[in-house]
*Asks:* 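Structure provided below as structure tokens; questions to follow.
Computation of the quantities below employed the complete heavy-atom set of this structure, encompassing side-chain atoms and omitting hydrogens, waters and symmetry-equivalent molecules. As the structure is a computational prediction, the values presented were derived from the model and not from experiment. Letters A, B, ... are given to chains in the order of the sequence lines, protein chains preceding strands, and every chain is numbered from 1.
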Amino acid sequence: MKAISIENISKKYILSHKKKNYQNLKESVSGFFGELFTSKDDEETKEIFWALRDVSFDIEQGDRIGIVGSNGAGKSTLLKILSRITEPSSGQVKVNGRMASLLEVGTGFHPDLTGRENIFLNGAILGMKQQEIKHQFDEIVSFAGIEKFLDTPVKRYSSGMYVRLGFAIAAHLEPEILIVDEVLAVGDSEFQKKCLGKMKDVSSSGRTILFVSHNSTAIQGLCNKAAFLKKGSLVKYGEVGEVLHDYMTSISKFQLQQIWETPDNAPGNDQVRIKNIEIIPEFINGSKNIDVRTPLKINIEFWNMLESAHLNLSVFLYNMTGECVFNVGSQAKTFSKGLIKGRLEIPANFLNDGSYYISAMIVKDTADPIYFMEDAISFDVADWREGTNWYGKWPGAIRPINIQVQTWKVDGLI
Amino acid sequence: MDRNEVFIKVGKSSLNYWREVWRQRELFWILGKRDVMVRYKQTILGVAWGVIRPLLTALVMVFAFGKIAKLEQDSSIPYILVVIPGVIIWLFFSQSLSQISNSIVGNGNLVSKVYFPRIIIPFSSLLVGLLDAMIAFAMFFAFCIYFQFLPGWHFFFAPIFLILAYLAAFGSGLFASVLNVKYRDIAQIIPFIVQFGYFISPVAYSSERVKTEWWYPIYNLNPVAGAIDGLRWCLLGDFAKFNWQSFIPMLIFVIISVLFSIWFFRKNENSFVDHL
């Protein structure tokens, strides 16, 4: 049965641009009086902005839908329309079932009220009956871990406590359709784990979930379907893996190859010039993007313009924060003029997920760097994991799965 | 569980709007209770403020209108008893009006994050004013005991005029609350009305005094006049005659303004978020 059917939903906003921009008081005063006597139409230009355009898809009961898209793709607008906070400019939505939406943690908390009072207030705002809240009160309090502060006004709460209490209340909602926006982006990793666990419980109970997040690992783990929005339009809707792949491909800024046909315009100097630098992923199991399981081959070609030079090639791998993950170099060899090729391979199950940059350096006589090509190519490694219920960011610069931790039993309990 | 089928469409809120309001009636209480609880948090005197405000207002008016303007000479009962019904209605009306007109903007964080029938928000601001009115009534009775004055059977009609005063505030406040979302000028106008409104309402004087003026019919377009005249009749009995001349315009005002602003509110409530 269909839980939600979305038919040609559009939402437009009208942006007005004022040409005049008053810089100081004198200008704004004279500008104000000027405007009194001229028609405003001349100075205002209107632009129609489509936050959503002709989006249609159906959600079956029990589906867990992840909604992905970069900032401004219309994800939040879609959720706002579905949760009836704003109405669409055209199109219609049919919703079948009791729906609750969680677009913010702790909506309507009043800073002057105590934790206890806010639980009832927020619960009611989210659509719970007072009876239900009373029934679940103890559970909510212990989930949030705020037993000691129940009678303290929430304005004295730490931001972590505030968020935990907000999520704890929302987590005890029991709607048939749950809409969640990005709330997992808050709180410490401990609490995020708890939230994701709770989401997983909710989803396994057969309820319909719509979930917006930038955490594609969480979406991969929780959802069975995904919708990919781009600039207000639905690009793809379907099985979660495929949609995420399309999404990841579209957002990653990676550049897997840089090539120059002739030495004339190639980067370098009068001693060496770079011809080609590329990375070749060896996809396994039919996957289409680089993830932690993908072995990577890196080829580097350069022209040597020196008659006889003792050269070696040094390769640097940096992570997104600019830290060098490793630096490896070739044996120094004597080369005559010509094209020289270097190659290395980064094994599977070695890098962590994230963005990486590769720089290459050509060194003469093992001491004198003659050319350093910075950030020559970049690539993203997507996450992939199995056999775990945890979807937070995997820590570490690298993730060498082959370094195994052994455990065995040595003795009984004393 | 009853089946919930909702259509989301342009310019059309749910068909079962009022059923939904009824289902969420708890929210009405909770939001009202919130306003009441928050009201006197972190004050030393607490609920005592509920007495102090009407008492001081009444005393100042007795002084200004009764003593200085010497209106008390015409009154056969203590002048403060004439003033208090006016103060009760005026404070109740003006407070409800400012609360209601600011309710949507003031609860913008709710409106932009959660759906429920929006009309619950302005409606729930009734409770705070009602509580204050109750306290002011108690104060009136304290004065009755002091002056050994006994209100007659008319007294039982008092709730009706309180409701009418609320509906008058609701009708105009609801309209203002919708406008306020888009045009914050409203937030400037309302305090102004609240500040000066009591001069054009029979708060500190009896409407008997202006009855013979040629502008009296215009004066009666102010719904507060009707409500105050009514409450005075309830509380003072024979000392204040029932005034049909102000009652009828008030009734018409209430009916038209409430129906119109509910229509206006529902027409606009789905686009509040876009302007907040």
*Asks:* Between A:Leu121 and B:Leu31, is there a side-chain heavy-atom distance shorter than 4.5 Å?
*Replies:* yes

*Asks:* Could you state the interatomic distance from CZ (B:Phe272) to CD (A:Glu87), rounded to the nearest 0.5 Å?
*Replies:* 11.0 Å

*Asks:* Please classify the contact between A:Thr107 and chain B as side chain, backbone, both or neither, with a heavy-atom cut-off of under 4.5 Å.
*Replies:* both

*Asks:* Side chain, backbone, both or neither: which part of A:Ile81 has an atom under 4.5 Å from a heavy atom of chain B?
*Replies:* both

*Asks:* By a 4.5 Å heavy-atom criterion (distance strictly below it), what part of A:Glu7 contacts chain B: side chain, backbone, both, or neither?
*Replies:* neither

*Asks:* Drop me the distance from B:Arg34's CZ to A:Leu113's CG, to the nearest 0.5 angstrom.
*Replies:* 8.0 Å

*Asks:* Nearest 0.5 Å, what's the CG-CD1 distance between B:Asn107 and A:Ile125?
*Replies:* 8.0 Å

*Asks:* Using non-hydrogen atoms and a 4.5 Å limit, figure out which bit of A:Ser89 sits close to chain B: side chain, backbone, both or neither.
*Replies:* backbone

*Asks:* Which bit of A:Lys129 is near chain B, if near means a heavy-atom gap under 4.5 Å: side chain, backbone, both or neither?
*Replies:* both

*Asks:* May I ask you to name which of A:Ile85, A:Leu126, A:Ile4 has the most heavy-atom pairs under 4.5 Å with chain B?
*Replies:* A:Ile85

*Asks:* Verify the neighbour count for atom OH of B:Tyr183: are there more than 12 heavy atoms of other residues, nucleotides or ligands below 6.0 Å?
*Replies:* no

*Asks:* Please check this pair: side chain of A:Gln130 against backbone of B:Glu26, looking for a donor-acceptor N/O pair closer than 3.5 Å.
*Replies:* no

*Asks:* Nearest heavy-atom pair of A:Ala124 and B:Ile30: which atoms, and what distance?
*Replies:* CB-CG1, 3.8 Å

*Asks:* Taking everything shown except B:Leu45 itself, do over 12 heavy atoms lie less than 6.0 Å from its CG?
*Replies:* yes

*Asks:* Nearest 0.5 Å, what's the CG-NZ distance between A:Asp181 and B:Lys113?
*Replies:* 7.0 Å

*Asks:* What do you reckon, is CH2 of B:Trp49 surrounded by more than 12 foreign heavy atoms closer than 6.0 Å?
*Replies:* no

*Asks:* Please report the interatomic distance OG1(A:Thr86) to OH(B:Tyr115), rounded to the nearest 0.5 Å.
*Replies:* 12.0 Å

*Asks:* How long is the gap from NE2 on A:His110 to CG on B:Asn109, to the nearest 0.5 Å?
*Replies:* 9.0 Å

*Asks:* So for atom NZ, which belongs to A:Lys155, do other residues, nucleotides or ligands contribute more than 12 heavy atoms lying within a distance under 6.0 Å?
*Replies:* yes

*Asks:* Is it the case that over 12 heavy atoms from other parts of the model lie below 6.0 angstrom from the CD atom of A:Gln131?
*Replies:* no

